[in-house]
Amino acid sequence: QCSGAFHERTQHMTVKTLIDMKPGETGIIVEITGGQGCIRQLNNLGLNVGKIINKVGAHLWRGPQIVKLEQVQIVVGYGIAQKIRVETKE
């Protein structure tokens, strides 16, 4: 379910990977490009297409990415984060 600001789509939306998001940026997961095992693992963590996430931060040098989904922070490895495509406002 979508809520709040992202329910109304505008012309100023862009799709990027989780890696390309800036800390503090919010977006909707629109695609996961990994294999079935990768998708299943992310789904088990609650990271599904249509979910709203907020990027909390990232470690330097291709390190893990930290996202907030509802009230939970989730750490995603760099390689997996490259497979998560998110629609954000510009």
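Values below: every heavy atom of this structure, side chains too, minus hydrogens, waters and symmetry copies.
Taking both residues in full, the closest heavy atoms of Tyr78 and Arg62 are given as CB-O, 3.1 Å, listed atom of the first, atom of the second, then distance. Closest heavy-atom contact between Gly46 and Lys51: O-CG, 3.5 Å. Nearest heavy atom pair, residue Leu69 against residue Leu45, reads CD2-O, 4.0 Å. Residue Val30 comes nearest to Val49 through the heavy atom pair O-CG1, 3.8 Å, listed as atom of the first residue, atom of the second, then distance. In terms of heavy atoms, Cys38 sits closest to Lys83 at SG-CD, 4.1 Å. Residues Val76 and Ala81 approach most closely at CG1-N, 3.7 Å, considering heavy atoms.
Considering CD1 of Ile39 and CG of Asn44, their distance stands at 12.0 Å, rounded to 0.5 Å. To the nearest 0.5 Å, atoms OG1 (Thr26) and NZ (Lys55) are separated by 12.0 Å. Atom-to-atom distance recorded for Gln65:CD and Ile74:CD1 is 13.5 Å, nearest 0.5 angstrom. Put simply, CD on Glu31 and CD1 on Ile29 are 11.5 Å apart, with the number rounded to the nearest 0.5 Å.
Contact annotation: the side chain of Ile32 never approaches that of Arg85 to less than 4.5 Å [non-hydrogen atoms, C-beta and beyond]. Side chains of Asn48 and Leu42 form no contact here, defined as non-hydrogen atoms less than 4.5 Å apart. Counting only heavy atoms from C-beta outward, the side chains of Ile53 and Leu47 approach each other to under 4.5 Å. A 4.5 Å side-chain heavy-atom check between Glu87 and Met13 finds at least one atom pair inside the cut-off.
A donor-acceptor pair is defined here as one N or O able to donate and one able to accept, closer than 3.5 Å; no such pair exists between the side chain of Asn54 and the backbone of Lys68.
Under a hydrophobic clustering in which Ile, Leu, Val, Met, Phe, Trp and Tyr are joined whenever their side-chain heavy atoms come within less than 4.5 Å, directly or via other members, Val67 and Val72 fall into the same cluster.
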Side-chain donor-acceptor pairs of residues 15-23 under 3.5 Å, sequence neighbours excluded:
unit_1: Lys16; atom_1: NZ; unit_2: Glu25; atom_2: OE2; d: 3.0
unit_1: Thr17; atom_1: OG1; unit_2: Ile19; atom_2: N; d: 3.4
unit_1: Thr17; atom_1: OG1; unit_2: Asp20; atom_2: N; d: 3.3
unit_1: Thr17; atom_1: OG1; unit_2: Asp20; atom_2: OD2; d: 3.1

